[in-house]
Amino acid sequence: MNFTDTKTETLLKTWNNLKKGLDLVSDSLKDGSFHTVGDKGAAPPSESGQTTLWFALAVDAELTKRNVKH
């Protein structure tokens with residue numbers, strides 16, 4: 001994934017949103033809903049969390065490369 005043309009401000013907002021998503025995945029582990037399919041057939045946290053984590057790692061790498069504290 002290439003974020004070269006993405007503004008740092010956009011990456012920081014994306015990072016914050018991804019962290020919130022990962023917090024929700026963490027909460028689902030605690031409340032037992034980790035494998036529960038969401039409303040209207042939405043992917044359960046066990047599946048959507050994998051994509052969120054992958055994207056968060058990519059954004060984290062770019063922010064780190066730019067020496068941006070996040």
Side-chain angles (χ1 to χ4, degrees):
M1 194 163 255
N2 186 341
F3 295 111
T4 306
D5 296 329
T6 306
K7 293 179 182 178
T8 299
E9 179 181 301
T10 301
L11 288 171
L12 285 169
K13 287 181 182 180
T14 301
W15 171 254
N16 287 329
N17 287 335
L18 290 166
K19 275 194 63 179
K20 288 177 190 175
L22 291 173
D23 287 343
L24 292 173
V25 172
S26 176
D27 291 345
S28 75
L29 283 166
K30 294 173 191 169
D31 70 18
S33 64
F34 187 64
H35 296 289
T36 303
V37 175
D39 294 340
K40 300 180 184 176
S46 59
E47 293 177 19
S48 61
Q50 291 175 357
T51 303
T52 303
L53 179 59
W54 171 79
F55 193 27
L57 290 171
V59 171
D60 173 63
E62 181 64 26
L63 289 169
T64 300
K65 184 171 112 178
R66 295 181 188 193
N67 293 314
V68 175
K69 191 172 184 174
H70 57 290

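Heavy atoms only: backbone and side chains are in, while hydrogens, waters and symmetry mates are out.
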Quiz item: Rounded to the nearest 0.5 Å, how far does CH2 of Trp54 lie from CE of Met1?
Solution: 3.5 Å

Practice problem: Find out whether Leu63 and Phe3 are in side-chain contact, i.e. whether some heavy atom of one side chain is under 4.5 Å from a heavy atom of the other. | Solution: no

Practice problem: Identify the heavy atoms of Ser33 and Pro45 that sit nearest to each other, and give their distance. | Solution: O-CD, 3.6 Å

Exercise. Would you mind reporting whether Leu12 and Val68 have side-chain heavy atoms less than 4.5 Å apart?
Key: yes

Exercise. Decide yes or no for Thr8 and Arg66: does some side-chain heavy atom of the first lie under 4.5 Å from some side-chain heavy atom of the second?
Key: yes

Quiz item: Closest approach of Gly49 and Leu22, non-hydrogen atoms and distance?
Solution: O-CD2, 4.2 Å

Self-check item: Nearest-0.5 Å distance, CG of residue Leu18 to OG1 of residue Thr51
Solution: 11.0 Å

Quiz prompt | For the student: nearest non-hydrogen atoms of Ser46 and His35, plus distance | solution = OG-ND1, 3.3 Å

Self-check item: Distance-minimising heavy-atom pair for Trp15 and Ala56
Solution: CZ3-O, 3.4 Å

Quiz item: Between CG of Asp27 and NZ of Lys20, what distance do you get to the nearest 0.5 Å?
Solution: 13.5 Å

Practice problem: Could you tell me the separation between the CG atom of Leu53 and the OG atom of Ser48, rounded to the nearest 0.5 Å? | Solution: 11.0 Å

Quiz item: To the nearest 0.5 Å, what is the distance between OG1 (Thr10) and CG (Asp5)?
Solution: 11.5 Å

Quiz item: Taking His70 as the fixed residue, which of Thr64, Leu11, Asn16 is the one that meets the side-chain contact (heavy atoms from CB on, under 4.5 Å) rule?
Solution: Thr64

Quiz item: Could you give the distance from CD (Glu62) to CG (Leu57), rounded to the nearest 0.5 Å?
Solution: 13.5 Å

